[in-house]
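Encoded as structure tokens, the structure appears first; notes follow it.
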Amino acid sequence: MSNTDNKGVPNWILFVFFGSLLAGSLYAVYKHGFLGYDRAMDLRTAQGAAYVTPSIMIIPQRTPQAISNGETTYQRACVACHGAQLQGVVGPALIKAQWLHFNNEDKIARMVMRGIGPAESVTGGVMPARGGAPLSDREVWEVIYFLSSKNPGSIVQDAVPNE
């Protein structure tokens, strides 16, 4: 008696079905677990927005001109989320004695360059790397200098210029 007289699914179809499930599961574990596949990274790359690991390479001198440039960059790139008077809108206020994440320039600059994800956010909001704007290292540091000038005593000025 064959297995095809309306008593069930033929064995070869069951073999192919369960074999496909097993092969797919093993491939998913291998690709995500051992190769470290990241779908978000793959989507960014496909859209032409490759992720660049931020590094602090250029730390400019703290000068009145750098602080002025930082204010200009802040007005262009940061004001939408943090407000014209640093009072906070969508993002937190940037003028106060208590900082949410860090209170020294080096750590603030690193945080701005890499962004803040939902897991590390204190307020629940996220901030894209470099504020979502194409800011250079110099521009980020100039914004940090501007913020330091507006928060005397509450931000530790620990930047060590390398140019």
Group every Ile, Leu, Val, Met, Phe, Trp and Tyr by side-chain heavy-atom contacts under 4.5 Å, then state whether Ile59 and Val160 land in the same group. no

So for atom CD, which belongs to Gln85, do other residues, nucleotides or ligands contribute more than 12 heavy atoms lying within a distance under 6.0 Å? no

Grab the two heavy atoms, one from Glu142 and one from Pro60, that are nearest each other, plus how far apart they are. CG-CG, 4.4 Å

Nearest atoms (heavy-atom pairs only) where Gln75 meets Ala84: NE2-O, 3.7 Å

Inter-residue atom distance Leu94.CG - Leu147.CG, 0.5 Å rounding: 5.5 Å

Please check if Val126 and Val122 belong to a single hydrophobic cluster, counting links between Ile, Leu, Val, Met, Phe, Trp and Tyr side chain heavy atoms closer than 4.5 Å. no

Calculate, to the nearest 0.5 Å, the distance between atoms CG and CZ belonging to Leu14 and Phe18 respectively. 6.0 Å

Spell out, yes or no, whether Leu26 and Tyr30 are grouped together once hydrophobic residues are joined by side-chain heavy atoms under 4.5 Å, including indirect joins. no

Roughly how far, to the nearest 0.5 Å, is the CH2 atom of Trp141 from the CG atom of Leu135? 14.0 Å

Is Ile67 reachable from Ile95 through a run of I, L, V, M, F, W or Y residues, each pair having side-chain heavy atoms under 4.5 Å apart? yes

Quick one: do Glu105 and Ser148 satisfy side-chain contact (heavy atoms from CB on, under 4.5 Å)? Show the steps, please. CA-CA 8 Å; Glu105 290 176 331; Ser148 290; 2.7 Å; yes

Are Ile116 and Val79 in one and the same hydrophobic cluster, where Ile, Leu, Val, Met, Phe, Trp and Tyr link if side-chain heavy atoms are under 4.5 Å apart? yes

So which heavy atom on Asp106 is nearest to which on Asp158, and how close? N-OD1, 2.9 Å

Verdict with supporting geometry, Val112 and Val143, side-chain contact (heavy atoms from CB on, under 4.5 Å): CA-CA 10 Å; Val112 169; Val143 168; over 6 Å; no

